[in-house]
Structure formats: structure tokens, C-alpha cells
Amino acid sequence: MVGEQSLFITVPPGTAAEAAEALRRDPFWLSVVPAATTILAMFPAGREEEARRRFRRGLVPDPINRRTRTIEIPAVYGGEYGPDLPLVAAEWGCKLEEAVERHLAAMHEVLFLGFLPGFPYLESGHPPVPRLATPRLRVAAGSIGVAGTRTGIYPRESPGGWNIIGRTPAILFHPDREPPAALAPGDSIRFLAIPADRWTEHLSFPEPV
Amino acid sequence: MSTIEVLHGGLLTSVQDTRRRSRWSHLGVSPGGAADERAADEANWLVSNSAGTAVLEATLSGPALLFRDGGLTGICGGDFGPEIDGRLVGNDVAIRVGPGSVLTFRGRMSGARAYIAVAGGLQVPEVLGSRSTDLRNGFGGFFGRAIRTGDVLHSGPSGATGGRMIERPDLENRGPVRVLPGTHGGRAGFCRQAWTVAEFDRQGIRLSGPPIRGGRADLETFPVLPGAIQLPPDGQPIVLLADAQPTGGYPVIGFVPAADLCRLAQAVKGDLLRFEPVSLKGLAKADKIEAMFLDDFAAASEAGALW
């Protein structure tokens, strides 16, 4: 649908991040924001006809130029860093260690970012977990949470309703960096377990492998 | 280049411009910027700054500013009773301020946000393409926060000579706020009743009134923009403003077009608002007429016909 300065469409699951990236290569667009199955593209005022044309052309995926990055995120699981790990393990019907192994073994795909600058919504494919009945007023910066079949990471302290299973020292957002977020839609994420006493070695932007 | 000392910050005064951070919306960054971008642009025009120059956005009450080296300033938007050295000067006029003079505000008379422009613009670092302050996330503008007593601001060089003012038509009988279709149904029901402003901040305006049906919190998250009207489960709609998150999970039952959003950015708690549905075609037609008026206005003001 067309708005005053925006186009909004629904797309099949698994395609939004790539389609948005293809569209974003055209500097005509003021913003192109994907979510799981939707894309919102903003265009300059008064150029609606041109926007419709460019939108139709630009949504064609460009597999040759597409770069997919794999990024490793260091994480400390459980204990004070992951207060909801027992809850999640119980939900998954397994031991704490097995729940961690499952999360580490998965390839998580960044579907989109939102909620906070740099906050990624990852599709993790684990058995669904309900959100916390009562959200926390404060979740520590770097907290890794699961809800539904997804994983999210809080780049800064914030209220939060996801189940916190671990925490990362990695910096996911800084406004002085361009781009300011470490992750982008379409990235593949692997978590890497680190011991708590090696926290300070990983206080940086995670780099693509 | 001149120096401005903040004697008092006012309730919530921050550096904003109209250069949105839309380019980074896909990374979770709010577009940000002046909530009433028209008033910000007009204030900049008064002091001959280019559009998009950084200004101060004052909320509900104004700051007290000491112009150490003097300068040229102008205020548009909400009327908080601006005074220079205790003498009421009013909005919508470029004011030459002598060295050591103080700009203060008597008190709110209308509107929610006043925009204070200084010739030469406010010199703060550009972050992600804008000098706006993201208050929630603590970056941009003046150290990512509202200004307060003791802060020192700097304005850039300017050749402005002053003399500009803006004449306004009578605003008392403004019509309803226009609403374009949303991504979800519910616009008709929303427009059928009047709404009261319950509370507001830079993220949005919460409206109160008889609850309307259709609100949900369990939709798959999708991208949204300032101007979107969200309907949470409690049936009390929220109109998103500049600092809204770029994604949300409530149904969007309508969009407020940019021109009308500037009006909404001046609404305060207790204001009664009426809305009417409009199509893109209808909007384009109305905007054409307004644009013609504005062109005439710009031409007339350039020719000196307004002062």
C-alpha cells in the first residue's frame, strides 16, 4: 500500500531482509526497513509515481552482489548472566547444559532490527518459549533473551520481556560508528561460549568471520 | 561565532534539527528530529539559517539563555511568552539581542513545543547525519541529553541582518486532523469520536476516549513511521512522533500526514482532537492549494512585503 511518503508490502517469510537490502542499494529511498514478512520504504515527498516504478524494479533479488556475513557473538550463559536459563531448559524439557548446547549449535539468522538501536531479532528455530509473564524493568546491557522461536540481544540496559539465558560483552551499537550497528538484516549469527573471566577480552564490535 | 550560556534549561529543552536519521531506521534507530518540523523550519527562516539547521526545542516551558556576545534569535511554534531582558518580544519575529542580554519565557500561552533558532545555528557534533538529540538512547545533540544550568552552547557565523517576521492567519478554527488509511482497519471508527490528549512525549501522543475495538498486542512486529496511529489492546490509540521506535506490534489504523503531524506536535494534555479520513488524492489536492499559498508567501516575504 502507498502512503504519503512510504510504500508498505507483505512478502513471503525468509525474503524480507534480502529484498530490503536489494532495494536499499538505490539511493532514491530515504529508508528501507524490513521486518519478518513486511517491508516499509520511504521516498521523497511528491515522487510517488517514481517510487512505485523503482519499487517494482528494485525488489528483484541480486544474488551475485548479495553479501551474507557470518558473525560470532561471544556469550556467557546461565548463572547471574542468564537468570531465565532454568526456565527455558524446563520449557525445552532438557538439562541446563543441553539448552546451552542447543543455542550454541544453531545458526541464527538476523531477520530484522528494531525496538532499540542495534537490537536484532534472530530466527533461532528452537522450540517456542513464551515471553515472561511480567517483563523486567531492567535488563542488563548485552543480555541475550529468547521468546517464541527467536533470540534477541539488548544492546543497552532496557526494560525487557524476553527470557534471559546469557549475556554478551560484544558492543552491538555505537552512534559514532558508520554503520552504527554491528548486525544487519540477513546476517548469520553463531554464539560462542566464553568463560566469565574472559569478559574483558571481548568488549568490542563483533567482526564477521 | 557566539556563546550562549544556559541559566536555566526549562522543563525539557534539547537540540533538534529536521534532518531525520531515516537512513538508519533498519538498524533500530528512530528518525528523530524536531517534532514540529514546520515550526523549526520557520524559526530558522526568521534568522536566515538554511532549513535543517540545529535549533532548540523547548517543551511546555522555555529556557533562560544568556547571549554573551549578542546575536539574532527567533522563536516559532508554541507561544511561551518570550522576553528579552524582561521585555515581552513575542514569537514569529527576528530579534536582535545585545551582548549580555537574556532570553527568558514568561509562561506557556499556547502549544507544546517552542523552537528557538539562533543565527548561525547551534554548533554541536553531527551524529548519524543529524544534530538531533536522541534522548531515550542518549546520543546526538548536546551530549545526548536535555540542556541544563551551566551548559554553554555555541552558534556559528552568520551574515543575517534581521528584519524578518511571519504573519499568521487566524488559527482558531482549524479543521479536524486528517488521517490517511493505515495498514489495518479501524480508521472509520477512530474518526467517529473525539479524542482527548492523555499524555505525550517525543515518542508519541496517547489519546483517551471511549475504547475502540480491534486493538491487539500479538501481531508480528512490522515497520512503522512517525504519524502512524497504533491501537493497543486497551483501545486507546497512540499517535507516533519523531522518536518512535521504527518497528511495532500494534495494528496501525491510520497515518497522520506530515503537515497535520506538526499540529499534533503542539497538542498538550487535555486538548480535544477531532480526526477525519482523507485519501492520498484528497491530500494531494489540499496540499497543492497550500503549496500555492506558501509559494506566494515566500515570494512576498522575499520581496519585503511582510515587514
Side-chain angles (χ1 to χ4, degrees), chain A residues 1-6 8-10 13 16-17 20-21 23-24 27 29-46 48 110-121 131 148 150 152 155-156 158 172-186, chain B residues 19-32 125-130 134 136-141 144 178 180-184 217-228 244-249 252 254-261 278-281 283-284 287-288 291:
Chain A
M1 62 156 279
V2 187
E4 188 191 15
Q5 262 190 267
S6 57
F8 181 85
I9 57 162
T10 304
E21 195 198 319
L23 198 63
R24 203 178 297 115
W29 302 99
L30 302 178
S31 72
V32 184
V33 183
T37 56
T38 50
I39 299 175
L40 180 73
M42 261 192 81
F43 54 84
E48 187 198 311
V110 181
L111 293 172
F112 61 99
L113 281 75
F115 174 59
L116 290 171
F119 182 106
Y121 289 80
R131 287 181 184 228
R150 295 183 180 167
R156 64 161 172 83
S158 149
L172 294 192
F173 179 83
H174 198 287
D176 291 340
R177 189 181 179 266
E178 280 203 21
L183 307 182
Chain B
R19 294 151 70 215
R20 314 282 181 195
R21 295 190 171 109
S22 308
R23 223 183 122 214
W24 308 111
S25 294
H26 68 291
L27 300 182
V29 179
S30 300
E126 197 179 272
V127 176
L128 296 176
S130 170
D134 187 323
R136 197 161 43 98
N137 295 291
F139 65 83
R178 296 171 299 179
L180 290 161
T183 47
H184 299 78
D218 59 345
L219 291 180
E220 173 63 70
T221 303
F222 60 96
V224 294
L225 290 171
Q245 295 163 16
T247 57
V252 170
F255 279 98
V256 177
D260 301 59
L261 198 60
V278 72
S279 65
L280 263 185
K281 270 216 179 77
L283 187 73
D287 282 353
K288 253 209 185 106

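From a predicted model like this one, the values you see are computed outputs, not experimental measurements. All chains are named by letter (A, B, ...) in the order of the sequence lines, taking the proteins before the strands, and each is independently numbered beginning at 1.
- When all heavy atoms of T247(B) and G114(A) are compared, the pair lying nearest together is OG1-CA, 3.4 Å.
- With sequence neighbours left out, the side chain to side chain contact (heavy atoms under 4.5 Å, CB included) criterion links P181(B) to R187(B).
- Taking each heavy atom of W24(B) and E178(A) in turn, the nearest pair found is CZ2-OE1, 3.7 Å.
- Only the side chain of F112(A) comes within contact range of chain B, with heavy atoms under 4.5 Å apart.
- Here the side chains of F139(B) and F173(A) are in contact, with some heavy-atom distance below 4.5 Å.
- For A244(B), no part lies under 4.5 angstrom from a heavy atom of chain A.
- For a residue to count as touching a neighbouring chain, one of its non-hydrogen atoms must lie under 4.5 Å from one of that chain's; by this rule R131(A) does not touch chain B.
- Contacts with chain B were tallied for R24(A), H174(A), R177(A), Q5(A); R24(A) has the most, counting heavy-atom pairs under 4.5 Å.
- Between chain A and the residues D134(B), V224(B), L180(B), L128(B), the largest count of heavy-atom pairs under 4.5 Å involves L128(B).
- Across every non-hydrogen atom of S31(A) and S22(B), the tightest pair is CB-O, 3.0 Å.
- Residues that satisfy the side chain to side chain contact (heavy atoms under 4.5 Å, CB included) test with R156(A), not counting sequence neighbours, are L116(A), S158(A), R136(B), N137(B).
- Only the side chain of P185(A) comes within contact range of chain B, with at least one heavy atom under 4.5 Å from a heavy atom of that chain.
- Between chain B and the residues P180(A), A45(A), A20(A), the largest count of heavy-atom pairs under 4.5 Å involves P180(A).
- Taking chain B as the reference chain and counting heavy-atom pairs below 4.5 Å, the highest number among G46(A), P120(A), P175(A) is found for P175(A).
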**Request:** Begin with the C-alpha distance, continue with both residues' side-chain angles, and end with the deciding distance and a verdict on side-chain contact (heavy atoms from CB on, under 4.5 Å) for E48(A) and L280(B).
**Result:** CA-CA 10 Å; E48(A) 187 198 311; L280(B) 263 185; 3.8 Å; yes
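- Heavy-atom distances place no part of P155(A) under 4.5 Å from chain B, backbone and side chain included.
- Here the closest heavy-atom approach between residue G28(B) and residue L113(A) is recorded as N-CB, 4.1 Å.
- Heavy atoms closer than 4.5 Å to chain B are found in the backbone of L183(A), but not in its side chain.
- Closest approach of E4(A) to P257(B), counting heavy atoms only: OE1-CA, 3.2 Å.
- Across P223(B) and L40(A), no two heavy atoms sit closer than the pair CB-CB, 3.5 Å.
- The side-chain heavy atoms of P34(A) and H26(B), taken from C-beta on, include a pair separated by under 4.5 Å.
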